[in-house]
Asker: 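First, the structure itself, so that you have it in front of you.
Every heavy atom of this structure was used, including side-chain atoms; hydrogens, water molecules and symmetry mates were not. Chain naming here is simple, since letters A, B, ... match the order of the sequence lines and numbering starts at 1 in each.
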Amino acid sequence: MSDDNKSYQPANIEQNWYKIWEERGYFAPSGQGDSYSIMIPPPNVTGSLHMGHGFNNAVMDAYIRYKRMSGCNTLWQAGTDHAGIATQMVVERQLAATGVSRHDLGREKFLEKVWDWKEQSGGTITQQIRRLGSSVDWTRERFTMDEGLSKAVQEVFVRLHEDGLIYRGKRLVNWDPKLHTAISDLEVLNEEETGSMWYFNYPLTDGSGHLTVATTRPETMLGDTAVAVDATDERYQALIGKTITLPITGRIIPIVADEYVDKEFGTGCVKITPAHDFNDYEVGKRQNLPVINIFDRDAIVLNNFNLLENGTFKFLSTEPCPVDYAGLERFAARKQLIAQAEAEGWLVKVEPHTLKVPRGDRSGVVIEPWLTDQWYVSTKPLAEEAVRVVEEGHIQFVPKQYENMYFSWMRDIQDWCISRQLWWGHRIPAWYTEDGQVFVGRDEAEVRAKNNIASDVVLRQDDDVLDTWFSSALWTFSTLGWPENTPELKTFHSTDLLVTGFDIIFFWVARMIMMTTHFIKNEDGTPQVPFKTVYVHGLVRDGEGQKMSKSKGNVLDPIDLIDGIDLDSLVAKRTTGLMNPKDAKKIEKATRKEFPEGLNAYGTDALRYTFYSLASTGRDINFDTGRIEGFRNFCNKLWNAANYVLMNCEGQDCAQNGDDNYTLNLADRWIISRLQQVEKAMAEGFASYRLDIASQVLYDFIWNEYCSWYIELAKPALKNGDTNAQRGTRRTLIRVLEAILRMAHPLMPFITEEIWQKMKDLAGTQGDSIMLMPYPIADDSKIDPQALADFEWMQAVIDGLRNIRGEMNLNPGKKVPAIFTAGSEQDKIRVAANTVFLSTLASLESAVWQDDATQIPASATTLVGKLEVHVPMADIIDKDAELARLDKEITKLKMETQKLESKLSNAAFVDKAPADVVQKEKDRLIDFAEQVEKLSKQKEKIAGL
RNA sequence: GGGCGGUUAGCUCAGUUGGUAGAGCAACGCCCUUACAAGGCGUGGGUCACAGGUUCGACUCCUGUACCGCCCACCA
């Protein structure tokens with residue numbers, strides 16, 4: 001390494017390596033080994049990267065790289081999603097800015113615009129994913145609306161229809177009056193809002209009185225077709241069967257008894273509007289009430305109301321809308337109606353009321369239950385199988401608790417409304433004759449052929465498109481070439497791992513399982529699952545646990561964390577394009593306070609490592625920028641450690657030629673042993689989906705063991721050892737570092753590749769890229785228990801000496817003598833064997849053994865078991881500091897002693913606890929007592945000076 | 001209303017079958033010791049939300065409470 005890039009600069013290495021990897025085709029399946037596949041959750045093709053993608057990709061890439069290095073034939077399938085509503089909305093907004101609506105343009109022209117937009121912005125997200133280091137196979141990139149996938153969508157639709165699992169029907173749906181489309185239940189968000197409850201008097205037709213109904217939606221009274229009461233309600237029993245004359249419309253409607261009514265709630269009388277309320281719709285069915293739709297697709301009151309027969313929706317009669325209401329938007333109608341009721345005296349009262357308001361997740365407007373024709377998937381039969389495969393463990397959720405969420409949803413799943421009144425998406429493969437007959441088929445020709453429809457009969461294709469999630473549900477198999485029986489499908493399906501947020505378990509995971517088990521079968525006919533494991537993660541939030549959102553102004557862009565961003569740019573980014581521009585000031589202030597220097601360029605590796613460290617299962621991830629800085633420092637640490645190793649090994653004999661002309665010292669044998677243990681822990685971390693643990697183990701090993709202990713001990717070893725010992729240490733420095741790099745590569749791909757390339761020759765390994773090298777596997781035979789024990793002893797001695805130095809405020813440069821006494825024979829041997837190591841790490845000028853403990857001069861003292869370690873006071877001077885230090889030590893020991901004594905004097909403990917536990921405590925007590933005695937004597941001695 | 005998760009150091013989080021509470025960051029003290037000041041060495045800091053119970057022993061198991069968050073259903 002040259003001086004000019006001495007410190008770690010991620011920008012200098014990251015994009016460079018990615019380009020090389022991609023160009024050389026390293027991301028593609030090797031064609032050898034067991035298959036291992038992951039499907040990327042397809043991001044919106046026109047979208048841009050957010051922290052969720054960052055986390056997601058970090059996890060997937062760790063597994064793909066780990067498995068690739070472990071010899072698997074890995075496929076990480078790339079692709080993007082057309083994201084129907086979201087994308088269409090963006091393009092419509094752009095058009096609106098020029099004063100044009102999509103209807104002005106017409107379907108063809110509008111779709112051209114959307115495709116243009118896709119071409120223009122479609123590369124953003126995939127370029128950003130590259131910045132994350134994700135080793136996805138871009139050569140196989142798919143788009144949900146490309147030809148092959150569209151064909152799969154069509155095929156699934158047709159087959160489900162043939163199986164009787166897709167049907168078309170008129171029903172109440174969740175209608176978005178802004179987007180002019182139906183949406184599924186899942187796309188409706190029910191948020192609590194404060195509103196009012198209005199009480200209205202409805203007069204009995206016979207003039208004998210009135211009923212009072214309560215409602216949160218007064219305007220729907222224009223479509224009331226009954227008032228319902230509880231059959232057992234004594235207040236109203238006599239009125240059942242009588243009629244009401246509805247104010248304003250004058251419509252005469254019955255009073256019915258229905259189980260839906262809770263007589264304890266409100267007035268016990270419920271107005272029934274079958275066309276605009278899901279519950280009322282059910283009541284209407286039971287009571288055979290006519291259905292009156294009062295709104296158009298904009299939720300504006302119609303000029304004429306049609307009464308439809310219940311169930312059949314046959315036209316019964318028409319009623320003109322009361323003239324003052326026709327053409328009013330729903331909330332204007334509400335306002336006017338309330339005013340009229342008040343004026344006419346049938347408004348009884350208004351009470352404040354909190355209620356759940358349904359809003360479209362995209363548009364944010366209040367959803368209107370609305371009667372339309374839509375296509376549905378009959379989900380119950382599909383759900384049964386989908387539940388079974390999870391129950392039987394063919395799919396495992398990590399963490400497991402999400403299975404319950406999945407089961408409970410699947411158990412009372414509702415039919416899935418799949419048609420959308422949009423233009424951007426897969427057009428529904430159904431054709432209509434002019435007289436309204438409907439035919440489903442792969443194309444118009446097939447429909448004609450199959451149904452003997454003459455060529456002069458006009459067929460018109462359904463205008464609607466399918467819910468985006470319909471194509472997403474096929475993702476694991478459509479991307480592999482289904483419905484063709486491709487080799488890829490055979491090799492890579494079922495996929496191994498799905499990494500996704502809990503928020504789309506219903507939208508996506510459940511539907512993938514339903515579709516896959518229905519369409520993809522093993523050779524023996526049993527259903528295949530889309531994936532074997534679902535790794536479910538939480539939301540990535542800001543450091544305070546707040547959801548990241550534009551309006552809160554707390555969004556962090558992964559790219560900014562990688563490349564850095566100055567404060568002004570960050571502020572500008574956070575404050576432009578706000579829904580509510582008034583928030584800008586507040587956001588600016590908070591941003592300037594939180595990041596006074598802007599964001600540093602931390603690099604991809606540090607960003608990824610931060611995600612791993614926070615990836616404990618099942619909870620949301622609070623992204624703390626303090627941590628990313630720590631991991632950037634960690635990268636720098638590794639960088640510099642490599643720098644040291646290279647400096648000391650390049651051009652030197654590192655004993656890599658196969659001769660055994662080298663010897664290994666204690667530190668060498670220790671670090672090799674520890675390496676095996678860490679390799680094992682890494683394997684366990686991956687296997688248990690605990691990347692937080694794996695990353696922590698690795699961090700600790702690299703920083704605290706390899707750098708702080710091993711390299712520090714390599715220094716004296718290289719200086720003082722004989723030639724064979726030097727060779728042994730160089731060999732170990734190199735080989736352990738090389739293993740560390742491979743071990744860390746799935747987590748921090750760039751820095752490991754950069755360093756590995758520089759040292760691979762020294763390590764005697766061959767290969768073009770670290771990402772194609774084998775992942776390290778623990779070898780228990782390389783663990784040397786004696787070395788581990790000896791080293792642990794040495795660490796304790798050095799810690800003791802460092803404690804004395806630290807507490808005495810000794811200058812690190814100041815060397816002191818150390819005298820050892822009173823220990824075991826083994827202690828004596830260990831001291832003699834490790835004089836150099838002890839001297840170096842504890843800054844000793846000498847380390848001598850004294851058999852006669854009485855010959856020790858007045859000293860600062862620390863104990864390692866029975867071994868006494870003394871630093872003569874003459875070299876320390878500070879008597880009071882040593883007294884204080886001893887005091888602290890003694891107090892600590894006494895407290896422990898006291899605890900142990902009371903424990904051991906408890907007969908119940910001694911009787912009932914396992915013998916080995918009791919013995920252990922007894923040993924500790926004796927040990928502590930001895931130490932207290934020794935230190936107390938020492939204290940007296942010092943005090944007497 | 002039903003269900004799930006969380007509550008551990010100032011902050012963000014670990015804590016494996018119950019047996020001496022850990023990390024990073026922040027804080028404090030001493031150091032520019034030639035891999036690294038994006039660093040080194042040392043130090044301080046926790047009634048493990050609360051109350052009961054089981055147990056010789058509970059951060060850990062059970063019951064309940066409080067607070068925070070989420071999911072589902074929903075009373076007009």
Asker: Pick out the pairs of N or O atoms, protein on one side and nucleotides 24-33 of chain B on the other, that lie under 3.5 Å.
Answerer:
from	atom 1	to	atom 2	distance (Å)
G29(B)	O2'	Asn809(A)	OD1	3.4

Asker: Taking the same atom, P, in A14(B) and in C30(B), what whole-Å distance lies between them?
Answerer: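 Taking atom P in both A14(B) and C30(B), they lie 35 Å apart.
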Asker: Could you go through residues 626-633 of chain A and list every donor-acceptor pair under 3.5 Å that involves a side-chain atom there, pairing it with any protein atom two or more places apart or in another chain?
Answerer:
none

Asker: Can you find a side chain N or O atom of Arg411(A) that sits less than 4.0 Å from OP1 or OP2 on G3(B)?
Answerer: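 For Arg411(A), the contact criterion (side-chain N or O under 4.0 Å from OP1 or OP2 of G3(B)) is not met.
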Asker: Suppose you measure atom C1' in U47(B) against the same atom in C4(B); what distance do you get, rounded to whole Å?
Answerer: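 Rounded to whole Å, the distance is 29 Å.
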Asker: Look at the side-chain N and O atoms of Asn648(A) and state whether any lies under 4.0 Å from the OP1 or OP2 oxygen of A35(B).
Answerer: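 Answer no for this pair, as no side-chain N or O of Asn648(A) is under 4.0 Å from OP1 or OP2.
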Asker: Please state the C1' separation for the pair A9(B) and G5(B) - nearest whole angstrom.
Answerer: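 A9(B) and G5(B) have their C1' atoms separated by 23 Å.
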Asker: Rounding to the closest angstrom, what is the interatomic distance between C25(B) and A38(B) at atom C1'?
Answerer: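 The same atom, C1', in both gives a distance of 14 Å.
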Asker: What residues form a salt bridge (charged side-chain N to carboxylate O under 4.0 Å, His left out) with Glu684(A), not counting sequence neighbours?
Answerer: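 None.
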Asker: In chain order, what residues pass the salt bridge (charged side-chain N to carboxylate O under 4.0 Å, His left out) check against Glu738(A), with sequence neighbours excluded?
Answerer: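 Listed in chain order: Arg742(A).
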Asker: Between Arg541(A) and Leu355(A), which residue's closest nucleotide on RNA chain B lies nearer the 5′ terminus?
Answerer: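 Looking at RNA chain B, the more 5' nearest nucleotide goes with Arg541(A).
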Asker: Identify all stems in which RNA chain B takes part, counting only runs of at least 3 consecutive pairs (Watson-Crick or G-U wobble, each distance under 3.5 Å), and give each as one range with another, ordered by first number.
Answerer: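 Correct response: B:1-7 with B:66-72, B:10-13 with B:22-25, B:27-31 with B:39-43, B:49-53 with B:61-65.
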Asker: Would the Phe502(A) and His537(A) ring centres measure less than 6.0 Å apart?
Answerer: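 No, the ring of Phe502(A) stays outside the 6.0 Å limit from the ring of His537(A), centre to centre.
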Asker: Between Asn803(A) and Asn404(A), which residue's closest nucleotide on RNA chain B lies nearer the 5′ terminus?
Answerer: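 Result: Asn404(A).
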Asker: So which protein nitrogen or oxygen atoms get under 3.5 Å of nucleotides 53-55 of chain B's nitrogens or oxygens?
Answerer:
none

